[in-house]
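Take a look at the structure below.
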Amino acid sequence: MKMGWTADGPALHKQRMLNILVLASTLLAATPSDAGGISAVDVQGDRVTVRFDDSVEGASAFLLDGPRRIALDISGAQTGRGHFAGAHDAVTAIRQGQLSDGTARVVLDLAAPAMLGDPRIAADGKSLSFSLQNVTDNRFRSAVGQGRLHFDAPAHMSARPQKRIHSITVPIPAVARGVALPPVEGARDGARPLVVIDAGHGGHDPGAINKENGKREKDVTLAIAQAIRDQLVKSGRVRVALTRDDDHFLVLQERYGIARKLGADLFISVHADSAENAEAHGATVYTLSETASDREAARLAARENKADVLNGVNLGNQSGDVSSILIDLTQRESMNISANFARLLQREAAPYVPFRSAYHRFASLMVLKAPDTPSVLFETGYISNAEDAVFLSSREGQQAIARGVARAIDVHFARKLAMGSGRSGG
């Protein structure tokens, strides 16, 4: 996405009032006649109003941290040459940019933590508005990972897409030809969230192996993935698919490619860790980072990202360093949701699964690279540890892991339902 600066306010301390936001520059592109060009963004008191010169179809909003921002994706809108004015102590700048042919994005930079409330689209579709509610840092951070808030359009307006009204600029390889999409099981309601479970390794790639008893990671991960699927199907609350349901090999891009093709709302890649230190034990959850959070995470990234290489042949057909992919706002949103789910997974699964004290780590893992699908890699334990290996390879251990994961998934989507008024937007 190409963001254009269209308005910029002075960088004020969060306790000072922002007197006025004025237009600094304009985009030269003309607004198509069949779309609502942004004509104004007004910040008055605690109310923000975005005005258009024609009707728009719908909108959604989400929060971003580091720095704090509110992003609005407006379907049926185009960037315009309008004025930007108002006063609010939490807003320091307003920007706009064209996210895709039919979707514009407006970004509000925040000096203090704030959330959206009372989202509305006018009856004529020519404006949308919301309130800014000051919150604590902890409340803001908690809300960042809870997904999008949708604006309710008037009933007479054309329906907006139910999911993902944005596009992305990150190049992602398509699913390799000849790879059949797996069946979707569970709830028959197509509106229910879809979870894709990926059993790591498989086929000629055994993954990590316990030197004492010969237990292989590929067998353990398949059994755990199947147990998670069965638990989710039994609950009836979500739909679920496995990237593999037998012992065959998939390259990394096929794994997350399957999730993207199916339109998954959550992707969980199941693995079993290994270390030279036989005493290392406990589960760890990894989420995407362009730089690993520590030396151990970097080691894992190097090991897992090479799963596509066999006898010197790069089966993934990747070029360049995997950490060179540029992340735009779309992927940052997914990363925030992923990190939030990682914390939730530890909290809900801890009664069933022993976790490491530093349970959440970041790594540049290829299997987590889908920019529009929240994704985690769940290292369920150390297959190189005697006690963990028994737990991971036993039916009791696999069922325990499945119950913990299912609990986290239930809470995750319940939160999204509450935030999105029944919609599970990306």
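Closest of all the heavy-atom pairs between Gly404 and Leu345 is O-CD1, 4.4 Å. A pairwise comparison of heavy atoms in Arg239 and Gly190 identifies NH2-O, 3.3 Å as the closest pair. Between Arg255 and His201 the shortest heavy-atom distance is NH2-O, 2.9 Å. The minimum heavy-atom distance linking Thr373 with Ala264 is given by the pair CG2-O, 3.7 Å. Residues Phe267 and Ala259 approach most closely at CD1-CB, 3.5 Å, considering heavy atoms. For the residue pair Ala275 and Ser384, the shortest heavy atom distance occurs at N-OG, 3.0 Å.
Taking CG of Leu149 as the reference point, atom CE of Met115 lies at 8.5 Å (rounded to 0.5 Å). Here the CG-CG distance, from Leu72 to Leu108, works out to 6.0 Å after rounding to the nearest 0.5 Å. Rounded to the nearest 0.5 Å, atoms CZ (Arg192) and CZ (Arg237) are 9.0 Å apart. Of the inter-residue distances, the one linking Asn277 atom CG with Asn385 atom CG reads 9.0 Å to the nearest 0.5 angstrom. Taking CZ of Phe413 as the start and CG of Leu194 as the end, the distance is 8.0 Å to the nearest 0.5 Å. Here OG1 of Thr287 is found 9.5 Å from CG of Asn336. Values are rounded to the nearest 0.5 Å.
The residue from Thr243, Ile258, Leu242 that alone fulfils the side chain to side chain contact (heavy atoms under 4.5 Å, CB included) condition with Pro182 is Ile258.
Here Asp65 does not pair with Arg141 in a salt bridge; the nearest charged N to carboxylate O distance is not below 4.0 Å. Checked for salt-bridge contact, Asp73 and Arg148 meet the test: a charged N lies under 4.0 Å from a carboxylate O. Ion pair Lys215/Asp388 not flagged as a salt bridge, since none of the NZ, NE, NH1 or NH2 atoms sits closer than 4.0 Å to an Asp/Glu carboxylate oxygen.
Formation of a donor-acceptor pair under 3.5 Å by the Asn210 side chain with backbone atoms of Ile383 is found in this model. Side-chain N or O atoms of Lys218 include none that pairs as donor or acceptor with a backbone N or O of Asp205 at under 3.5 Å. A distance-only check finds a donor-acceptor pair linking the side chain of Glu379 to the backbone of Asp273 [under 3.5 Å]. Arg69 places a side-chain N or O within donor-acceptor distance of the main-chain N or O of Pro67, the cut-off being under 3.5 Å. Proximity of a side-chain donor or acceptor of Gln231 to a complementary backbone N or O of Arg403 within less than 3.5 Å is not detected. A donor-acceptor distance shorter than 3.5 angstrom exists from the side chain of His281 to the backbone of Glu279, with no hydrogens or angles considered. Under the 3.5 Å distance criterion, the side-chain polar atoms of Asp247 are matched with a main-chain donor or acceptor of Gly203. Under a 3.5 Å cut-off, the side chain of Arg244 and the backbone N or O of Ala199 do form a donor-acceptor pair. With Glu185 contributing its side chain and Ala241 its backbone, the two residues share no donor-acceptor pair below 3.5 Å. Proximity of a side-chain donor or acceptor of Ser338 to a complementary backbone N or O of Ser375 within less than 3.5 Å is detected.
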Practice prompt. Output, in order, the C-alpha distance, side-chain angles, deciding distance and verdict of side-chain contact (heavy atoms from CB on, under 4.5 Å) for Ile70 and Leu132.
Written response: CA-CA 10 Å; Ile70 294 174; Leu132 284 176; 3.5 Å; yes

Discussion item. Determine whether Asn340 and Arg415 satisfy the following criterion, side-chain contact (heavy atoms from CB on, under 4.5 Å), listing intermediate values before the conclusion.
Written reply: CA-CA 11 Å; Asn340 188 68; Arg415 284 180 176 177; 3.6 Å; yes

Practice prompt. Kindly indicate, with the supporting measurements, whether the criterion side-chain contact (heavy atoms from CB on, under 4.5 Å) is fulfilled by Val270 and Ile197.
Written response: CA-CA 7 Å; Val270 178; Ile197 309 296; 3.9 Å; yes

Worksheet item: Going through the distances and angles, do Leu116 and Leu63 end up as a side-chain contact (heavy atoms from CB on, under 4.5 Å)?
Response: CA-CA 9 Å; Leu116 289 79; Leu63 303 177; 3.9 Å; yes

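Side-chain atoms of Leu392 and Tyr382, non-hydrogen and from C-beta on, never get closer than 4.5 Å to each other. When side chains are defined from C-beta on, Phe52 counts as touching Ile38, because their heavy atoms get closer than 4.5 Å. Here the side chains of Leu262 and Leu181 are in contact, with some heavy-atom distance below 4.5 Å. A heavy-atom distance below 4.5 Å is not found between the side chains of Phe151 and Ile74. Taking the side chain as every heavy atom from C-beta outward, Tyr352 and Arg407 approach each other to under 4.5 Å. You'll find the side chain of Pro113 reaches within 4.5 Å of the side chain of Arg68, heavy atoms only. In this structure, the side chains of Phe391 and Glu396 stay at 4.5 Å or more apart for every pair of heavy atoms. The closest side-chain heavy-atom distance from Asp410 to Glu348 is not below 4.5 Å.
Using bins of under 30°, 30° to 60° and over 60° for the plane-to-plane angle, the ring pair Phe362/His360 lands in the tilted bin. Between Phe355 and Phe378, the ring-plane angle classifies as parallel under the 30° and 60° cut-offs.
Checked by atom type, the side-chain pair Gln133/Asp46 shows no donor-acceptor distance below 3.5 Å. Side chain to side chain, Glu57 and Ser75 meet the donor-acceptor criterion of an N or O pair below 3.5 Å.
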